Engineer: 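Just dropping this structure here.
Note that the structure is a prediction, hence the values are computed from the model and not measured. In what follows, every chain begins at residue 1, and chains take the letters A, B, ... in the order their sequences are listed. Hydrogens, waters and symmetry mates play no part in the numbers below; they use all other heavy atoms, side chains included.
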2 protein chains.
Amino acid sequence: MTEAEDRRTQILDAAFEEFSTKGFKGATIKSIAGAAGVQSPALIYHYFPDKEALFNAVLETHAPIRSAVEDPTTFMDRPPEEVLPEIARAYFATVSNPVAQRMMKLMVGEALRRPSLAEVLGRATVARILDSLKKYLSRQVELGRLRPHDVRSSARAFVGMLVPQAAGRIFLPALREDGLTDKEHIETAVGIFLEGLRPER
Amino acid sequence: MTEAEDRRTQILDAAFEEFSTKGFKGATIKSIAGAAGVQSPALIYHYFPDKEALFNAVLETHAPIRSAVEDPTTFMDRPPEEVLPEIARAYFATVSNPVAQRMMKLMVGEALRRPSLAEVLGRATVARILDSLKKYLSRQVELGRLRPHDVRSSARAFVGMLVPQAAGRIFLPALREDGLTDKEHIETAVGIFLEGLRPER
DNA sequence: CAGTATTGACAGAACGTTCAATCAAGGATA
DNA sequence: TATCCTTGATTGAACGTTCTGTCAATACTG
């Protein structure tokens, strides 16, 4: 469409769209070519060796989205009453981004069938987020702002608390029916979490 | 294999296995026939009109698994210190059941691509569990055992807290590496939740 | 004119599905 | 009891379609 992006990018964008909505098997080279606005599927093989390579290229192209929640040094010493709502807001902001939504559908959908992708998704994304959260929570226990506890568990609990609401946004519209907003959920859920880990005086 | 179960059941079992590991598109009639131990794919069409019907039959066959967490009347008035760990244990027991695991992979994997399935999964399963949990939590607030709060949010938070640990069991083995056991996680996570909702004296 | 981009046509394989034919078992008939 | 007939189960082969990937020819661009 736009003249600025070249054919390769057009194909990658179309492939991303097709793969994320139909899955690797469900998306066809023909449908991708059509969505990319090229006349012949053969052109795709001019830019990519085969379907699998195109799929990997799509993943690599959108990989940077993972680095959303990073830079743990800046918030390490700030109090959880500030940091945790911030993380939650950033989380929901990411989840509300249509591109990120497609990426999650794509990754989860394929990781369910491909152990190698599950490994990447688990280690490079989820475990990374959990690790940085564990470090932060440990630090806060150290500082006496949270009571001592197993941070492996609290890190899971914190990100987990946000998951059903996020799932409602991404692929389970039925969960939206009780009208709970992201903001309300952050307030209540983070409140429970903080209150539950408040150090005893 | 066993003589007791008839052909139809053999085919359904094999189809369940194939669909859950490879997805609807990835599983072929031929591979299902092979897994079911029948010589010809044609036989499948003797028992089911087409692939789609076979898929639906598989879903219906394993639908009862959803009714695991039901019967809200029995625990409605029992204290959360007992009930919540029980629910969590039941949850992890379900998640550890290989058949239930396959069912979840299948439902989630296909619901990501089929809005109609997402509707069923959301409404008939997830929303149902959340609703019964909301009712229970409301009742406990009424009884003064939990402080007043938005139960839409706390219900999500409670089941959500368990999700990452469950995901580790089902399809993200990387999450198991820090060695947190289900029991430990229940203890810590439920502890945070209860402490976070303790009524102020 | 050289090199790249793009195309239509096409080959080979796999897929879902259909079909005619075979087989095993049981009931009816004599 | 011996024979026929019906019925459902099962199979191998085949059909039409679709998919991935190849190729040679053409259009475009510097």
Side-chain angles (χ1 to χ4, degrees), chain A residues 1-61 105-106 109-110 112-114 116-117, chain B residues 1-61 105-106 109-110 112-114 116-117:
Chain A
M1 198 62 87
T2 51
E3 306 86 333
E5 58 171 357
D6 58 349
R7 268 288 139 86
R8 203 187 130 90
T9 312
Q10 275 183 43
I11 293 173
L12 278 172
D13 288 349
F16 179 47
E17 178 76 26
E18 291 286 308
F19 282 141
S20 64
T21 60
K22 304 180 185 171
F24 179 77
K25 286 274 182 185
T28 70
I29 296 288
K30 201 173 170 182
S31 73
I32 293 171
V38 313
Q39 308 283 11
S40 167
L43 185 59
I44 290 181
Y45 291 93
H46 178 68
Y47 290 95
F48 304 93
D50 56 18
K51 193 183 180 184
E52 185 73 29
L54 173 58
F55 180 72
N56 290 330
V58 166
L59 290 190
E60 278 168 28
T61 301
K105 277 192 185 184
L106 179 56
E110 296 305 315
L112 284 169
R113 325 282 187 216
R114 301 189 190 204
S116 61
L117 252 190
Chain B
M1 196 62 88
T2 50
E3 307 86 334
E5 59 171 355
D6 58 348
R7 266 287 139 88
R8 203 187 130 89
T9 313
Q10 275 182 42
I11 293 173
L12 278 172
D13 287 349
F16 179 47
E17 178 75 27
E18 291 285 309
F19 282 140
S20 63
T21 59
K22 303 179 184 173
F24 179 77
K25 285 273 181 185
T28 70
I29 296 287
K30 201 174 170 185
S31 73
I32 293 171
V38 314
Q39 307 284 11
S40 167
L43 183 58
I44 290 182
Y45 291 91
H46 179 67
Y47 291 94
F48 305 93
D50 57 16
K51 193 183 181 184
E52 186 73 28
L54 173 58
F55 180 71
N56 291 330
V58 166
L59 289 190
E60 277 168 29
T61 301
K105 277 194 186 186
L106 179 56
E110 296 305 317
L112 284 169
R113 325 281 186 215
R114 302 190 189 204
S116 61
L117 250 189

Engineer: For B:Phe24 and C:dG16, give me the distance from atom CZ to atom C1', rounded to whole Å.
Structural biologist: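 Rounded to whole Å, this separation is 10 Å.
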Engineer: Starting at CD of A:Gln39 and ending at P of D:dA27, how long is that distance when rounded to a whole Å?
Structural biologist: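 Computing the A:Gln39:CD to D:dA27:P distance gives 14 Å.
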Engineer: For the pair made of CD1 in A:Ile32 and P in D:dG21, what is the distance, rounded to whole Å?
Structural biologist: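 So the two atoms are 11 Å apart, to the nearest Å.
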Engineer: Taking the side chain as everything from C-beta on, heavy atoms only, tell me whether B:Arg8 gets closer than 4.5 Å to B:Ile11.
Structural biologist: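 Counting from C-beta outward, B:Arg8 and B:Ile11 never come under 4.5 Å.
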Engineer: Under 4.0 Å from OP1 or OP2 of D:dG8: is there any side-chain N or O of B:Tyr47 that close?
Structural biologist: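 For D:dG8, OP1/OP2 do not have a side-chain N/O of B:Tyr47 under 4.0 Å.
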Engineer: Could you state the NZ-P distance from B:Lys51 to C:dG16, rounded to the nearest angstrom?
Structural biologist: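 So the NZ-P distance, B:Lys51 to C:dG16, works out to 4 Å.
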Engineer: Between A:Ile32 and A:Leu54, is there a side-chain heavy-atom distance shorter than 4.5 Å?
Structural biologist: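 A:Leu54 reaches A:Ile32 side chain to side chain.
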Engineer: Reckon B:Phe48 touches a base, only the sugar-phosphate, or nothing at all at heavy-atom distances under 4.0 Å?
Structural biologist: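 No contact at all - B:Phe48 keeps every heavy atom at 4.0 Å or more from the nucleic acid.
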Engineer: Measure from the side-chain N and O atoms of B:Lys25 to the backbone N and O of A:Phe24, and report whether any donor-acceptor pair falls under 3.5 Å.
Structural biologist: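 No, because the side chain of B:Lys25 does not come within donor-acceptor range (under 3.5 Å) of the backbone of A:Phe24.
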Engineer: Phosphate oxygens OP1/OP2 of D:dT10: is one of them under 4.0 Å from a side-chain N or O of B:Arg7?
Structural biologist: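 Result: yes.
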Engineer: Determine: side-chain N/O of B:His46 to OP1/OP2 of D:dA9, distance under 4.0 Å, yes or no.
Structural biologist: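 True: B:His46 side-chain N/O within range (under 4.0 Å) of D:dA9 OP1/OP2.
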Engineer: Report the distance from atom CG of B:Leu59 to atom CD of B:Glu110, rounding to the nearest 0.5 Å.
Structural biologist: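 If I round to the nearest 0.5 Å, the distance is 8.5 Å.
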Engineer: Whole angstrom is fine here: how far is it from CG in B:Leu43 over to C1' in C:dT18?
Structural biologist: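 The answer, rounded to whole Å, is 14 Å.
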Engineer: Touch check for A:Ala27, heavy atoms < 4.0 angstrom, all strands: base, sugar-phosphate only, or nothing?
Structural biologist: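 Result for A:Ala27 = sugar-phosphate.
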Engineer: Roughly, in whole Å, what's the span from OH in A:Tyr45 to P in D:dC19?
Structural biologist: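 In whole Å, D:dC19 P lies 11 Å from A:Tyr45 OH.
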Engineer: Does B:Arg114 count as lying over the ring of B:Phe55, i.e. NZ or CZ under 6.0 Å from the six-ring centre, within 45 degrees of the axis?
Structural biologist: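 Judged by the rule, B:Arg114 and B:Phe55 form a cation-pi pair.
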Engineer: What is the distance, to the nearest angstrom, from the CD1 atom on B:Ile29 to the P atom on D:dT18?
Structural biologist: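 Whole-Å distance recorded here is 17 Å.
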Engineer: To the side chain of B:Thr28, which of C:dT18, C:dA9, C:dC15 is closest?
Structural biologist: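 Shortest atom-to-atom distance from the side chain points to C:dC15.
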Engineer: For A:Lys30 and C:dA9, what is the distance between atoms NZ and P respectively, to the nearest whole Å?
Structural biologist: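 The answer, rounded to whole Å, is 12 Å.
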